[in-house]
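Each chain gets a letter, A, B and so on, in the order the sequences are listed, and its residues count up from 1.
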Amino acid sequence: MADNTANTIWYDFKAIEAKWQEKWEKEKTYSVGEDSQGKKYYVLEMFPYPSGRIHMGHVRNYSIGDVVARYKRMRGFNVLHPMGWDAFGLPAENAAIKNDTHPAEWTYENIDYMKKQLKQLGLSYDWDREIATCNEKYYHWEQILFLKMYEKGLVYQKVTSVNWCDSCQTVLANEQVIDGACWRCDQPVLPREMNGWFFKITDYAEELLADLDHLDGWPEKVVTMQRNWIGKSTGLNCTFEIESSDQSISIFTTRPDTIYGVTFLSLAPEHPLLPDLLAGSDRQAEIEEFARRIITEKQRGRHEDEIVKEGIFTGRYCINPFNGERIPIYVANFVLMEYGTGAVMAVPAHDQRDFEFARKYGLEIRPVVIPEGVDLHGETMEEAYSGPGILANSGQFDSLSSTEAREAIIAHAEKMGFGSAETTYRLRDWGISRQRYWGAPIPVVYCRNCGVRPVPAEELPVTLPEDKGSGSGDCAPLHLRPSFIDTTCPSCTGPARRETDTMDTFVESSWYFARYTCPETQEPLDRHKADYWLPVDQYIGGVEHAILHLLYSRFFTKILRDLGYVDIAEPFTNLLTQGMVIKDGAKMSKSKGNVVDPHDLVAQYGADTVRLFSLFAAPPEKDLEWSAQGVEGASRFLNRVYRFIEGHRPTLQRPRRRQGERDGASRELRRKTHQTIGKVTQDIETSFHFNTAISAVMELFNHMSSQATEAAAHEIDDDALCEAVDTVLLLLSPMVPHFAAEMWQRCGHSGDIENRPWPQYDVDAAKDELLTIVIQVNGKVRSRLEVAAGTDDDVLKEMALKDEKVRRFLGGKPVKKIIVVKKKLVNIVI
RNA sequence: GCGAGGGUGGCGGAACUGGUAGACGCACCAGACUUAGGAUCUGGCGCCUUACGGUGUGGGGGUUCGACUCCCCCCUCUCGCACCA
């Protein structure tokens, strides 16, 4: 760039950025403590996985966060802005296997490299608070939290089905199962029952749901997604006795008002009562075969959009407790064992799935909720009716509305003892066991005498062994490392085995934001520091974490509160979910080959240009379309500012003086300056819309530079010009910090721009003297008038009517009325 | 299917509680300076029209003096969730 442009001066971003980065690092400009001046403000971007190098998504995320941090500092806040590494996880293991190294080595190398890259972007982090979750200085305290949760009964073990690859001898995450096969060896994956640890997040389901109502600073989309994920429904749990048996089936329904419309009952193929029901039946083998087939089909491609309804009659009946009817029991492929009770009362008239099933197998369709003014007949219905209505064919509940009937029927069931009101959630307890090496060890031992024993706090941390495991190199899971497994029981000192599972990496990211407040404390959290900084005032990250990470973090915050470590219920007051970086219509990704490496861009244009472009191209919550020319544009703008300031240095460095009464051009510049301060401040405060903020600064600069050309320079007072230049730099400084700092210095200011407050908006200075009033005839713009602010309405009307262009359109027709909108327009209606 | 959010020039995007549609930037066109221009500077730039003017914010209706903005219907795109009983 700079090389072949002999005639044009380009600013030396390399030298400037290095100079200021060095200064910030040396002086620890962005280190903070609890005792600093000002109200606290905690801004946080989601920490990265140390995958190797930073990508444009990081640049965008951290640029946004950095503007917020720098802006808030200028507004006088004591700003906490930390950074760290979500450093446990699979890619490190894969890379280690591939390169025959240790995952720690790979991870720490990446951290070093990425940290260097982040520093090159000029991000204002307090690096003294850096956290790497794979460091025992972090997971030690996570293990303590595990113990505390264990003591409170918030952690438990149960056997569940996992994806097992027999050839790799390991459990796979769901994402690693591709079309039913292992992603690495392509062998079929089998379900396998394994013992695992669970966090009792369901204990907090109600609070996690209820508190969503108070998250006003979160995007509604995320709140809705979480609400759906928790999936609360209320209804009736009801017991149906099985005919000629002493057993019964319980069902859950959200539509108790339709219970008289039940014409069959559907069981999930995995339902535990099924074997008992079939015992002795001559069709036992056939039905079991059907159930088995459905189960395997489900395990495989569960992605078919609409699976055809399919089922089989068990030959058994149960009794509807409300009317004593005999109800045939079916096994159906669309009933989920994981939700409700795994058994569904089928009401074909009012549920589309049941309707399709009933039609296919010739079962009765009996309407019991009748919408107003309509007659429903089972034989003629074309689809289920699921709306409200009046009850019919429902015994004592006939003629109640469906809403009334829900309560009445639940009350009846409770009175008669065969059912009760129940609330169910879709949310499951959080399974945290991973049969992997590169994670935080679960601090538990198994003793032959004493059973499951948590490792005592004073023996923590349980650290990852550094020696190689048998066979699989540095990444062998812990169960293949004898040196790790064998230990002694903390209770009886007899021989014991360590738990060899590690924790889900989402556990680390569920509380790191709290640990930043006290990264060196010799306990999970320092209550005093946590209380000072928490909650995070502004959290920024990708929407892909809308559910898991954000839900787990909310859960952990409530746990930390109940353990006495914090006094907040919610971790993130405001959440900004930034859009993706797109190129050629698709998300940047290696597989699509459309990645742009920020490293190259910073080398070519400098960090400030890259930051400016990513902030300017789109508002933060929207996807950002990558544009090479757009970067050029950002670069050109900074260079124009640079050349302007360099060209006016003699003026700018002179002591500021005001030369008597300002003339029109100076007042105009001052007006534009203050209008821009107002606009930029508002854009940042209300919506973080940096794109419009930047365009406003560009407008100010364009105005200023056109006014202050050589010929016109004498018309602009020095102080008006200086104020405009200072304002441009101050308003830009959160976005292009090195550039602003350098130019500030070159303008002759003594202190650093870092220490300057955000410019003060002067309402009076921003007031327009002249207004352009639009003149409309019948709502169409026909002319414009320049008038002094405060011109009387009647005068305006008169001027409008006299206007030549307007008269042409009036054509002498009578004027019906004239509408005057203050400061905006006059509309003449004829 | 359910939920959420969008559709504005060639492109990214502006437009406050209804009041100048297209700010700012990119691309493009013309000119200037130049051996040169892919640098820089000046001007132009929704569409139709020589001009006057007409027309225009996914489509159709409506409310209003006036609609990108409010109401109704429809089309379409993106993102979640998805047989949740």
Notebook entry, point to check: Nearest to the side chain of A:Thr692 - B:rA14, B:rG25, B:rC26?
Noted result: B:rA14
Check: Just checking A:Asn639: base, sugar-phosphate only, or nothing, at a heavy-atom cut-off of under 4.0 Å?
Finding: nothing
Next item on the list: Provide the distance between the two P atoms, one in B:rG25 and one in B:rG44, to the nearest whole Å.
Entry: 13 Å
Next item on the list: Under 4.0 Å between any heavy atoms, over every strand shown, what does A:Glu338 touch: base, sugar-phosphate, or nothing? Just pick one.
Entry: nothing
Check: Considering only side-chain heavy atoms of A:Asn691, which listed nucleotide, B:rA14, B:rG54, B:rC52, is closest?
Finding: B:rA14
Check: A:Phe322 and A:Phe418: aromatic ring centres closer than 6.0 Å?
Finding: yes
Margin query: If you define the side chain from C-beta out and look only at heavy atoms, does anything of A:Asn574 sit under 4.5 Å from A:Leu576?
Written below: no
Margin query: Let's test this: given Watson-Crick or G-U wobble pairing with both distances under 3.5 Å, identify the partner of B:rA4.
Written below: B:rU78
Next item on the list: Between B:rA67 and B:rG54, how far apart are the P atoms? Round to whole Å, please.
Entry: 15 Å
Next item on the list: Find which nucleotide of RNA chain B each of A:Lys622 and A:Thr424 is nearest to by heavy atoms, and output the residue with the more 5' nucleotide.
Entry: A:Lys622
Item checked: Centroid-centroid distance, A:Phe357 to A:Phe264, less than 6.0 Å -> yes
Next item on the list: Kindly say if A:Arg227 contacts the phosphate of B:rC81, meaning a side-chain N or O under 4.0 Å from OP1 or OP2.
Entry: no
Check: What is the distance from CD of A:Gln352 to C1' of B:rA82, rounded to the nearest Å?
Finding: 15 Å
Next item on the list: Write down the distance separating the P atoms in B:rU57 and B:rC52, rounded off to the nearest Å.
Entry: 22 Å
Notebook entry, point to check: If you look at every strand shown and take non-hydrogen atoms under 4.0 Å, does A:Asp354 touch a base, only sugar-phosphate, or nothing?
Noted result: nothing
Notebook entry, point to check: Using 30° and 60° as the class limits, which term best fits the ring planes of A:Tyr642 and A:Tyr11: parallel, tilted or perpendicular?
Noted result: tilted
Note to self: At a heavy-atom distance below 4.0 Å, what parts of residues 673-682 of chain A sit against RNA chain B?
What the structure shows: none
Next item on the list: Select from A:His689 and A:Asn778 the residue whose nearest nucleotide in RNA chain B is closer to the 5' end of that strand.
Entry: A:His689
Next item on the list: Tell me which nucleotide among B:rG3, B:rG13, B:rC65 gets nearest to the side chain of A:Thr224.
Entry: B:rG3
Margin query: Between B:rG10 and B:rU49, how far apart are the two P atoms, rounded to whole Å?
Written below: 15 Å
Next item on the list: Calculate, to the nearest 0.5 Å, the distance between atoms OG and CD1 belonging to A:Ser783 and A:Ile773 respectively.
Entry: 11.5 Å
Margin query: Apply the syn/anti split at 90° from 0 to B:rG9 and say which one it is.
Written below: syn
Note to self: With heavy-atom distances below 4.5 Å as the criterion, would you say the side chains of A:Gln226 and A:Leu209 are in contact?
What the structure shows: no
Next item on the list: Could you check which of B:rA14, B:rG80, B:rA27 has an atom nearest any side-chain atom of A:Met225?
Entry: B:rG80
Note to self: Taking donor-acceptor contacts at under 3.5 Å, does the side chain of A:Lys309 reach the base of B:rC83?
What the structure shows: yes
Next item on the list: Identify whether NZ of Lys or CZ of Arg in A:Arg782 sits under 6.0 Å from the centre of the six-membered ring of A:Phe809 and within 45° of that ring's axis.
Entry: yes
Checklist line | Distance, rounded to the nearest Å, where A:Glu383 contributes CD and B:rG1 contributes P | finding: 12 Å
Item checked: Which nucleotide in B:rG54, B:rA4, B:rC26 has an atom nearest any side-chain atom of A:Arg636 -> B:rC26
Check: With sugar-phosphate meaning primed atoms plus P, OP1 and OP2, does A:Gly231 contact a base, only sugar-phosphate, or nothing at under 4.0 Å between heavy atoms?
Finding: nothing
Check: Hey, does A:Arg293 have a side-chain heavy atom less than 4.5 Å from the side chain of A:Glu310?
Finding: yes
Check: A:Ser233 near the nucleic acid: base, sugar-phosphate alone, or nothing, with a heavy-atom cut-off under 4.0 Å?
Finding: sugar-phosphate
Check: Looking only at atom types and distance, does a side-chain atom of A:Glu621 sit under 3.5 Å from a main-chain N or O of A:Thr577, one as donor and one as acceptor?
Finding: no
Item checked: Distance, P atom - from B:rC68 to B:rG19, rounded to whole angstrom -> 9 Å
Checklist line | Atom pair distance, as rounded to whole Å: CG in A:Leu785 and P in B:rG19 | finding: 20 Å
Note to self: Between P on B:rC79 and CE on A:Met580, what's the gap in Å once rounded to a whole number?
What the structure shows: 7 Å
Notebook entry, point to check: Which is true for A:Val543 with a 4.0 Å heavy-atom rule: it touches a base, it touches only sugar-phosphate, or it touches nothing?
Noted result: nothing
Checklist line | Nearest-Å distance for atom pair OH/P, residues A:Tyr339 and B:rC81 | finding: 17 Å
Item checked: Interatomic distance where NZ belongs to A:Lys221 and P belongs to B:rG6 [whole Å] -> 11 Å
Note to self: Using a 4.0 Å cut-off on heavy atoms, which residues in residues 819-830 of chain A reach RNA chain B? List them by number, or say none.
What the structure shows: A:Ile819, A:Val821, A:Lys824, A:Leu825, A:Asn827, A:Val829
Note to self: Nearest to the side chain of A:Arg426, heavy atoms from C-beta on, is which of B:rC81, B:rG5, B:rG25?
What the structure shows: B:rC81
Next item on the list: Could you please name the option among B:rA23, B:rC81, B:rC26 that lies closest to any side-chain atom of A:Ser695?
Entry: B:rA23
Item checked: Separation between OG1 of A:Thr424 and CG of A:Asn237, rounded to the nearest 0.5 Å -> 9.5 Å
Next item on the list: Pick the P atom in B:rA14 and in B:rC2, then give their distance to the nearest Å.
Entry: 30 Å
Item checked: Any donor-acceptor N/O pair, A:Ser733 side chain to A:Ala740 backbone, under 3.5 Å -> no
Note to self: What is the separation between atom CD1 on A:Ile582 and atom P on B:rC11, rounded to the nearest whole Å?
What the structure shows: 17 Å
Check: Which nucleotide, B:rC24, B:rC83, B:rA85, lies nearest any side-chain atom of A:Asn333?
Finding: B:rC83
Check: CD1 of A:Ile410 to CD of A:Glu407: how many Å apart, nearest 0.5 Å?
Finding: 7.5 Å
Next item on the list: Considering only atom P, compute the distance from B:rG58 to B:rA15 and round it to an integer number of Å.
Entry: 16 Å
Note to self: If you only use heavy atoms from C-beta on, which nucleotide in B:rG12, B:rG53, B:rA85 is closest to the side chain of A:Arg782?
What the structure shows: B:rG53
Check: If the P atom of B:rC70 is compared with that of B:rA23, how far apart are they to the nearest Å?
Finding: 23 Å
Check: Can you check the A:Ile818 CD1 to B:rG66 P distance for me, whole Å?
Finding: 16 Å
Next item on the list: Kindly point out which of B:rC24, B:rA85, B:rG54 is positioned nearest to the side chain of A:Leu336?
Entry: B:rA85
Check: Are the aromatic rings of A:Phe613 and A:Trp626 close, with centres under 6.0 Å apart?
Finding: yes
Notebook entry, point to check: Mind checking who B:rA27 pairs with, Watson-Crick or G-U wobble, both distances under 3.5 Å?
Noted result: none
